[in-house]
Amino acid sequence: MNRYRYPFLDVRKINLPYSSRMHSAFSDFIDSGRYIGGRPVEYFERDLARLAGTRYAVGVSNGLDALRLIFKGYIELGRLRHGDAVLVPANTYIASVLAVSDAGLKPVFVDADAGTMNMDTSLIESAVTPEVKAILTVHLYGRPCYDTRIKAAAAERGLLVVEDNAQAIGAVSATPSENGNCRTGGLGDAAAFSFYPTKNIGALGDAGAVTTDDTALAEAIRALANYGSDRRYHNIYKGYNCRLDPIQAALLSIKLKDLDEVCRKRRRIADIYNTNIDNPYIICPTVDAGSVWHQYVVRSDNRDELRDYLADNGVETDIHYPVPPHLQPCYREYSDLKLPVAERLADTILSLPIGSVSEEDALEIARIINGFRPEKIEK
Ligand SMILES: *Cc1c(COP(=O)(O)O)cnc(C)c1O
């Protein structure tokens, strides 16, 4: 049992309302006798493509594999080449960057905007060199990162735009794509989804998907994820096994129906925090009507003290993320980079409970936060 009165995230509680439908899906699955692929995967892919407003959705094993397969797919199709560079935000979960380097591409880190905490798109122009062939835009914390600068860079320089939509299923961009789509997952050339259990729509294990309008890419990814085979015992690529399990697809189809309600609830909690948190030592995130608030991230110069204070008062928090990718040991070749905004964010951000708290809980948490006074004033 969690010792906190307000746990950071209670996934068991989130899944409880689906329990009886999930049990019956499990029982159908066991009786079906088919344990790879099949209808559950097809149905889920159809629903997800509809949601993203794309022609295709391809279910895959997890979010990192979704991203890896997009980049590998573009390499197989000759749209990217080993050694090409990809702009990536400095403030992101490391999986975004791992996918780029795993495909033999070179991550070029772009610092964050302190307000949105997403990629500072005003830096794109100066970051784009002839080597750069793609932008990996990450809708971090559920907030769309897509604007006229990304569109202009794509249109004028022919860059591919890949979305890391792991945290932003259901989010809506204020800037539509060239074809008028506003939904994340349908803004760029291809998008990766994650259904890791703690994501806004979570499986009961690992799961992911790719969405795209590009027929060649969708086919390449489907083949790559299935040993590189386009038909049985015929292998056009040196592929992988990165398929989506049908049981996860079946469970996800149940939960996906509630996406609007999930987004509405999270927006409501974010709204309660935004209107009720009033403390000179804490900065609330800026409002974005299209965000789905995967995380609600405040900033404080006294972050560690604030975190301890909240823990003492029964509120569990988390940090997303305490060490930016370029300062991780596995990316030591980037350790001399100076990305001041992202580095500062890592030292000052704190994620409050949002996924499984009630409106009353959020009000109480805001009240507790308002009582925080640091002992040592950081400059
Ligand atoms: C969760 C996450 C991923 C990776 O997804 P997995 O399903 O855990 O592999 C990638 N990018 C971001 C931004 C994420 O939050």
Side-chain angles (χ1 to χ4, degrees), residues 8-9 11 44 48 57-72 86-103 105 107 109-110 112 116-119 134-146 161-171 184-185 187-188 190-211 221 225 240-245 248-249 251-252 255-256 262 266 291-297 318-326 328 330-331 342 345-346 349 351 354-355:
F8 182 69
L9 186 71
V11 284
F44 176 66
L48 190 68
V58 181
V60 300
S61 36
N62 57 62
L64 173 57
D65 284 346
L67 285 167
R68 290 171 62 218
L69 289 162
I70 291 170
F71 289 117
K72 298 266 189 185
V86 180
L87 300 188
V88 297
N91 185 38
T92 186
Y93 183 52
I94 194 156
S96 318
V97 190
L98 291 175
V100 173
S101 51
D102 177 73
L105 303 165
F109 292 97
V110 179
T116 64
M117 300 185 256
N118 271 326
M119 179 188 282
I135 301 177
L136 175 56
T137 184
V138 183
H139 309 304
L140 200 70
Y141 310 143
R143 176 185 297 251
C145 181
Y146 187 77
V161 176
V162 176
E163 297 171 72
D164 180 339
N165 197 32
Q167 301 192 359
I169 186 168
T184 61
L187 298 167
F193 289 68
S194 166
F195 303 101
Y196 183 81
T198 62
K199 301 287 154 102
N200 287 18
I201 298 291
L204 268 56
D206 279 308
V210 173
T211 52
I221 287 173
Y240 314 92
N241 176 350
C242 296
R243 296 175 299 236
L244 172 64
D245 279 329
Q248 300 298 350
L251 301 174
L252 286 168
K255 292 182 77 174
L256 200 61
V262 169
R266 285 178 177 264
S291 175
V292 290
W293 299 98
H294 177 62
Q295 303 297 353
Y296 184 90
V297 179
D318 206 339
I319 298 170
H320 300 94
Y321 298 89
V323 180
H326 72 284
Q328 290 287 356
C330 66
Y331 285 122
L345 284 175
I349 49 179
S351 307
I354 188 161

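Note that ligands are numbered from 1 as they come in the structure, with each ligand's atoms numbered from 1 the same way. If you read the sequence from its start, that first residue is 1, and numbering goes on from there.
- Side-chain contact between L187 and V161 is absent, with no heavy-atom pair separated by less than 4.5 Å.
- Any N or O atom pair closer than 3.5 Å counts here, and S194 shares at least one such pair with ligand 1.
- Between F109 and H326, the ring-plane angle classifies as tilted under the 30° and 60° cut-offs.
- Looking only at atom types and distance, the side chain of S101 has a donor-acceptor partner in the side chain of Y331 under 3.5 Å away.
- Considering only heavy atoms from C-beta on, L98 stays 4.5 Å or farther from D102 through its side chain.
- For ligand 1, the atoms lying closer than 4.0 Å to a non-hydrogen atom of N62 are 7 (O), 9 (O).
- In this structure, the protein non-hydrogen atom closest to atom 8 (O) of ligand 1 is Y196 CD1, 3.8 Å.
- Backbone and side-chain nitrogen or oxygen atoms of G63 are examined, and one is located within less than 3.5 angstrom of a nitrogen or oxygen of ligand 1.
- Remark: minimum distance from atom 9 (O) of ligand 1 to any protein heavy atom is reached at L64 N, 2.9 Å.
- Atoms of ligand 1 found under 4.0 Å from any heavy atom of A166, numbered from 1 in the order shown, are 2 (C), 3 (C), 10 (C), 11 (N), 12 (C), 14 (C), 15 (O).
- What sits closest to atom 11 (N) of ligand 1 on the protein, heavy atoms only, is D164 OD2, 2.7 Å.
- Of the protein's non-hydrogen atoms, the one nearest atom 1 (C) of ligand 1 is K199 NZ, 1.4 Å.
- Side-chain contact check for S351 and H320: at least one donor-acceptor pair (N or O, by modelled atom type) lies under 3.5 Å.
- Here is the list of ligand 1 atoms found below 4.0 Å of a heavy atom in A95: 3 (C), 4 (C), 10 (C).
- No close placement of the Y93 and Y196 rings is indicated, their centers lying 6.0 Å or farther apart.
- The nearest heavy-atom contact from the protein to atom 15 (O) of ligand 1 is Q167 NE2, 2.8 Å.
- Looking at K255, its side chain does come within 3.5 Å of a backbone N or O of G202 through a donor-acceptor pair.
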